[in-house]
Amino acid sequence: MLSRLRNEKGFGLLELLMAMTMLNIGILALVAAFNSGAVALQRASRVSTAATLADAQMELYRALTYTTIGLSSTSVNATDSLYRSDSVLGGSISNDLTAASCTGSPLPNQCVASRNATGPDQRTYRVDSYVTATTPTNGRAMKLVTIVVRAGTSPYRTYAREQSTFDLSTGS
């Protein structure tokens, strides 16, 4: 009986099975790490593209004089609850400023409140522009321009938000 207990037949098979199990766990952990890395890279790509679109939209406003910064009153869709519910407006669309220079067909991109744009990654993004009036304490009137870039399809995830203020010293 004692010689049967000391017999090591089949022990190599158990060692092989344990080694394969440990190797399998390690390989699966690597695959999970690569998958999460790919998801993070895809999100970073979308955020970078959205920031590029927001910068391009803001540059359109930086090229304007103070009096011409605004939106076309016809470009805001009355049924667009996503645009109207953004925190920039403070719950009221009446804060939006309209510019007399926003005429013509088609409207220039700096006059359109909400539009779809294709990014360099060939994906569609929604670019919302908000122009609101603000006056700091003991200061002069300013226009606050906010650009929000969201995913082009529902659910409209916000990828980038950029703000800049303009006062009377911006152009003549």
Side-chain angles (χ1 to χ4, degrees), residues 24-134 142-167 169-171:
N24 193 18
I25 290 171
I27 290 173
L28 288 176
L30 281 173
V31 169
F34 284 130
N35 189 34
S36 66
V39 169
L41 282 173
Q42 188 178 40
R43 170 126 174 95
S45 170
R46 288 186 179 148
V47 169
S48 295
T49 301
T52 300
L53 289 172
D55 284 341
Q57 184 72 15
M58 189 61 78
E59 287 301 319
L60 294 174
Y61 290 105
R62 289 187 180 124
L64 299 175
T65 60
Y66 179 80
T67 56
T68 58
I69 294 174
L71 299 171
S72 171
S73 59
T74 60
S75 70
V76 179
N77 187 347
T79 61
D80 190 352
S81 62
L82 181 65
Y83 182 86
R84 294 176 172 277
S85 65
D86 198 281
S87 62
V88 173
L89 295 175
S92 172
I93 197 76
S94 63
N95 288 342
D96 234 31
L97 299 176
T98 58
S101 62
C102 290
T103 58
S105 180
L107 288 170
N109 286 339
Q110 67 267 20
C111 293
V112 179
S114 183
R115 66 183 178 91
N116 287 329
T118 302
D121 60 357
Q122 302 306 314
R123 289 191 175 99
T124 303
Y125 295 87
R126 177 182 165 135
V127 180
D128 291 338
S129 300
Y130 301 90
V131 179
T132 55
T134 180
M142 295 187 306
K143 293 180 182 180
L144 175 66
V145 176
T146 305
I147 309 297
V148 181
V149 181
R150 298 179 171 97
T153 57
S154 183
Y156 297 100
R157 293 188 180 111
T158 300
Y159 289 129
R161 183 178 291 262
E162 187 174 320
Q163 288 185 325
S164 186
T165 56
F166 299 88
D167 63 10
S169 65
T170 309

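Since the model is a prediction, treat every value here as computed from it, not as a measurement. Worth knowing before you read on, the calculation uses all heavy atoms, side chains too, and leaves out hydrogens, waters and symmetry mates.
- Between Leu64 and Leu60, the closest heavy-atom pair is CG-O, 3.4 Å.
- Among all heavy-atom pairs drawn from Asp128 and Ser114, the shortest one is OD1-OG, 2.5 Å.
- The two atoms that bring Ile147 and Ser129 nearest to each other are CD1-OG, 3.5 Å, heavy atoms only.
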Item to complete: Could you go through the side chain to side chain contact (heavy atoms under 4.5 Å, CB included) check for Arg115 and Leu107 one step at a time?
Response: CA-CA 11 Å; Arg115 66 183 178 91; Leu107 288 170; over 6 Å; no

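- Here the CZ atom belonging to Arg126 is positioned 15.5 Å from the CZ atom belonging to Arg157, to the nearest 0.5 angstrom.
- The distance from atom CZ of Phe166 to atom OG1 of Thr134, rounded to the nearest 0.5 Å, is 13.5 Å.
- For the atom pair CD (Glu162) and CG (Leu53), the distance works out to 11.0 Å, reported to the nearest 0.5 Å.
- Here the OG1-CG distance, from Thr158 to Leu82, works out to 7.5 Å after rounding to the nearest 0.5 Å.
- What you find for Gln163 and Met58 is that their closest heavy atoms are C-CE, 3.9 Å.
- Residues Ala160 and Ala51 approach most closely at CB-N, 3.8 Å, considering heavy atoms.
- The shortest heavy-atom contact between Leu71 and Tyr83 is CD1-OH, 3.6 Å.
- None of Val131, Thr132, Val88 except one satisfies the side-chain contact (heavy atoms from CB on, under 4.5 Å) rule with Thr146; the exception is Val88.
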Fill in: Derivation and outcome, side chain to side chain contact (heavy atoms under 4.5 Å, CB included), residues Arg46 and Arg43
CA-CA 5 Å; Arg46 288 186 179 148; Arg43 170 126 174 95; 5.8 Å; no

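- Interatomic distance, NZ of Lys143 versus OG of Ser164, reported as 13.0 Å (0.5 Å rounding).
- Put simply, the side chain of Gln57 never gets that close to the backbone of Val148: no donor and acceptor are under 3.5 Å apart.
- At distances below 3.5 Å, at least one donor-acceptor pair connects side-chain atoms of Thr52 with backbone N or O atoms of Ser48.
- Atoms CZ and OG1, on Arg123 and Thr153 in that order, are 10.5 Å from each other to the nearest 0.5 Å.
- With hydrogens and angles ignored, the 3.5 Å screen pairs a side-chain donor or acceptor of Tyr61 with a backbone N or O of Gln110.
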